[in-house]
J.: 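The structure is given below, and queries will be raised subsequently.
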Amino acid sequence: MAPVRTTGAVVAAISVTVALLSLYLYKSKPSSKKLPSKKNPRTGLLGAIGNTPLIRINSLSEATGCEILGKCEFLNPGGSVKDRVAVKIIEEALESGDLAPGGVVTEGSVGSTAISLATVAPAYGCKCHVVIPDDVAIEKSQILEALGATVERVRPVSITHRDHFVNVAKRRASEANEFALKHRKDDANQRGVANGTTEKTNGFQYDEEKQSLFSRNCTGGYFADQFENLANFRAHYEATGPEIWEQTGGNVDVFVAGAGTGGTLAGVSKFLQERNSNIKCFLIDPPGSGLFNKVTRGVMYTREEAEGQRLKNPFDTITEGIGINRITKNFMMAKLDGAFRGTDKEAVEMSRFLMKNDGLFLGSSSAMNCVGAVRAAQSIGPGHTIVTILCDSGMRHLSKFFSADYLSQYGLTPSASGLEFLGVG
């Protein structure tokens, strides 16, 4: 057989084909110079807030036959779900002109919102002044001071009392505005003296205490008002709710959470039910709070109040951050199908169960939310997807909720080996 002769034309054609194929493969390779957008660095502290993971809580899911998912809000930079609220409140106040850079944001809080405000305020060029009940876990005050906030600890009293921590915070904002106005007038008077003119300032009462509360360059005050400010609701309606919807692919049957201000419960429930009216939304309410009765019976009423047994704390519970005896503007926005009652003992036992079985070290309100998730699973039966909020970690609850000595005083020492405290297993 005669050898096959390869002509020059064939060799040239093969060479061109190989060259074109190589060029195509080179062009098709993803560029190593540009990262995918989801891996790009977020912009500053504020860019790290939100888009928290939604995780399957394995132990509770396996015990109930439902998919129980927790939104890990404790992974926000300030350590709680309230970071979202702090950003929304400050941004809206700056946009409206009610707050200016150099101003002081005041708030009455049992801890989490205050910590979030103190965390994010410097990113906006502002300071933070917090009024907090003196029976709140001491580490919360310590964190606030470490963050540079001014902290006032006051005795717990009724919201109708002028010295309730929320009312004091509101006054501090007005005092900051008066303080800034006085110094603006003083500066104008000094300029007037330099120009050979004088101006008399009249009617402002100034004392040394105010001098210590606000810095000389304070531009004014703004009361965050987390309970009534609907920026709270909007933070969750515009972000937390949509994130849950996206992370579940719309496959969610139940949302359950506690309420303090009511912003999280309201914002998420309203968003989810607008997407799918079949989604059920429930409140989980701790002892001493009147919201359970408001949702289930239409009236604000607690046995503790009726019997005159209410403790000095307005909420007869060790659970901090949820439970209240009035209807806030934020809570009024909630779309609820019912409510469950949780107990302090259940919250304590739940926190230890999750730490032991899932490695989740959660705060009191997060533990109560998980109690609510199990109650919801028991109510609707297996095969459903239930979402709740893991508000914060146990790091800021060491002196009370995770203190053996403190719990023993109230007969709350954990003893369960499983979920028998909720009638499971």
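Here the structure is a predicted model, which is why all the values come from computation and not from measurement. Every heavy atom of this structure was used, including side-chain atoms; hydrogens, water molecules and symmetry mates were not.
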J.: Once side chain to side chain contact (heavy atoms under 4.5 Å, CB included) is applied, do any residues pair with Asp358, and if so which ones, sequence neighbours excluded?
T.: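 Residues passing side chain to side chain contact (heavy atoms under 4.5 Å, CB included) with Asp358: Ile57, Asn58, Ser59, Leu354, Leu360.
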J.: So does Ile318 get a backbone contact from the side chain of Asp344, meaning a donor-acceptor N/O pair under 3.5 Å?
T.: yes
J.: So do the side chains of Glu349 and Leu422 get within less than 4.5 Å of each other, counting heavy atoms only?
T.: no
J.: For the residue pair Glu73 / Thr52, report whether a side-chain donor-acceptor contact shorter than 3.5 Å exists.
T.: yes
J.: Please report the interatomic distance OH(Tyr222) to CD1(Ile89), rounded to the nearest 0.5 Å.
T.: 6.5 Å
J.: Quick one: does Lys127's side chain get under 4.5 Å of Thr219's, heavy atoms only?
T.: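 The answer is no, as the side chains (C-beta and beyond) never meet within the 4.5 Å cut-off.
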J.: Would Gln226 and Thr113 count as having a side-chain donor-acceptor pair, cut-off 3.5 Å?
T.: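 On atom types as modelled, these side chains qualify, holding a pair under 3.5 Å.
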J.: Taking C-beta and beyond as the side chain, do Phe74 and Ser366 meet within less than 4.5 Å on heavy atoms?
T.: no
J.: About how many Å separate CG of Asn232 and OG1 of Thr264, when rounded to the nearest 0.5 Å?
T.: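 The OG1 atom of Thr264 sits 6.5 Å away from the CG atom of Asn232.
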J.: Do any N or O atoms from the side chain of His397 and from the backbone of Met395 form a donor-acceptor pair under 3.5 angstrom?
T.: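 No; zero donor-acceptor contacts below 3.5 Å.
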J.: Might you work through the side-chain contact (heavy atoms from CB on, under 4.5 Å) test for Glu243 and Arg84, ending with a clear yes or no?
T.: CA-CA 13 Å; Glu243 287 174 29; Arg84 299 174 184 268; 2.9 Å; yes
J.: To the nearest 0.5 Å, how far apart are CG in Asn76 and OG in Ser112?
T.: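 If I round to the nearest 0.5 Å, the distance is 11.0 Å.
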J.: Ser158 side chain to His161 main-chain N or O, any donor-acceptor pair under 3.5 Å?
T.: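 No, because the side chain of Ser158 does not come within donor-acceptor range (under 3.5 Å) of the backbone of His161.
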J.: Please check if the side chain of Ser61 supplies one atom and the backbone of Glu67 the other of a donor-acceptor pair under 3.5 Å.
T.: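 Not confirmed, Ser61 side chain does not pair with Glu67 backbone.
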J.: So that I know where these two stand, are Phe402 and Tyr406 an aromatic pair - ring centroids less than 6.0 Å apart?
T.: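 So the answer is no for these two rings.
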J.: Report the distance from atom CG of Asp253 to atom CD1 of Ile279, rounding to the nearest 0.5 Å.
T.: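 Interatomic distance, Asp253 CG to Ile279 CD1, rounded to 0.5 Å: 7.5 Å.
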J.: Would you say the side chain of Leu230 lies within less than 4.5 Å of the side chain of Asn330, judging by non-hydrogen atoms?
T.: yes
J.: Working note: Ile324 + Ile159, criterion side-chain contact (heavy atoms from CB on, under 4.5 Å); need CA distance, chi angles, decisive distance, verdict.
T.: CA-CA 10 Å; Ile324 194 171; Ile159 185 65; over 6 Å; no
J.: Any donor-acceptor pair under 3.5 Å linking the side chain of Asn177 with the backbone of Gly220?
T.: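 Looks like no, no N/O pair under 3.5 Å.
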J.: May I have the step-by-step check of side-chain contact (heavy atoms from CB on, under 4.5 Å) for Leu291 and Met300, ending in yes or no?
T.: CA-CA 7 Å; Leu291 295 180; Met300 292 291 287; 4.2 Å; yes
J.: With a 4.0 Å cut-off, would you call Glu274 and Lys270 a salt bridge?
T.: yes
J.: Which heavy-atom pair separates Ser80 from Asp392 by the least distance, and what is that distance?
T.: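 Answer, listing the atom of Ser80 first, then Asp392: CB-CB, 3.9 Å.
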J.: Any carboxylate oxygen within less than 4.0 angstrom of a Lys/Arg side-chain nitrogen, looking at Glu320 and Arg396?
T.: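 No, Glu320 and Arg396 are not salt-bridged.
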J.: To check you understand the geometry: which heavy-atom pair defines the closest contact between Ala224 and Leu117, and what is its length?
T.: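 Result for this residue pair: CB-CD1, 4.0 Å.
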J.: Test side-chain contact (heavy atoms from CB on, under 4.5 Å) on Leu54 and Glu246 and set out the steps.
T.: CA-CA 10 Å; Leu54 184 69; Glu246 181 180 356; over 6 Å; no
J.: Determine whether Leu390 and Cys370 make a side-chain contact, defined as any pair of heavy atoms from C-beta on separated by less than 4.5 Å.
T.: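 Side chain of Leu390 against side chain of Cys370, heavy atoms only: contact under 4.5 Å found.
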J.: Mind checking whether Phe353 and Phe421 have parallel, tilted or perpendicular rings, split at 30° and 60°?
T.: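 Plane angle over 60°, so perpendicular.
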J.: Please assess Lys88 against Glu92 for the test salt bridge (charged side-chain N to carboxylate O under 4.0 Å, His left out), listing each intermediate value before the final yes or no.
T.: CA-CA 6 Å; Lys88 192 66 172 174; Glu92 289 192 4; 3.8 Å; yes
J.: Closest approach of Gly47 and Arg42, non-hydrogen atoms and distance?
T.: O-CD, 2.6 Å
J.: Do the rings of Phe233 and Tyr237 sit parallel, tilted or perpendicular, given the 30° and 60° boundaries?
T.: parallel
J.: Which heavy-atom pair separates Asp135 from Lys400 by the least distance, and what is that distance?
T.: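 What the structure gives for the nearest pair is O-NZ, 2.8 Å.
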J.: Among Arg171, Arg172, Arg155, Lys170, which one satisfies salt bridge (Lys or Arg N to Asp or Glu O under 4.0 Å) with Asp163?
T.: Arg171
J.: Side chains of Pro286 and Glu346, heavy atoms from C-beta outward: is any pair under 4.5 Å?
T.: no
J.: Roughly how far apart are Thr64 OG1 and Arg375 CZ, rounded to 0.5 Å?
T.: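 Here the interatomic distance stands at 12.5 Å.
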J.: Minimum heavy-atom separation for Ala114 to Val130, with atom names?
T.: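 Looks like CB-CG1, 3.4 Å.
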J.: Please, which pairs that meet side chain to side chain donor-acceptor pair (under 3.5 Å) have at least one residue in residues 97-110, sequence neighbours excluded?
T.: Ser96-Asp98
J.: Working to the nearest 0.5 Å, report the span between CD1 of Ile322 and OG of Ser365.
T.: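 Here the interatomic distance stands at 5.5 Å.
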J.: On a heavy-atom basis, which atom in Phe292 and which in Leu283 lie closest, and how many Å separate them?
T.: N-CD2, 3.9 Å
J.: Any heavy-atom pair between the side chains of Val81 and Lys71 that's under 4.5 Å?
T.: no
J.: Under a 4.5 Å cut-off applied to non-hydrogen side-chain atoms, are Leu407 and Pro414 in contact?
T.: yes
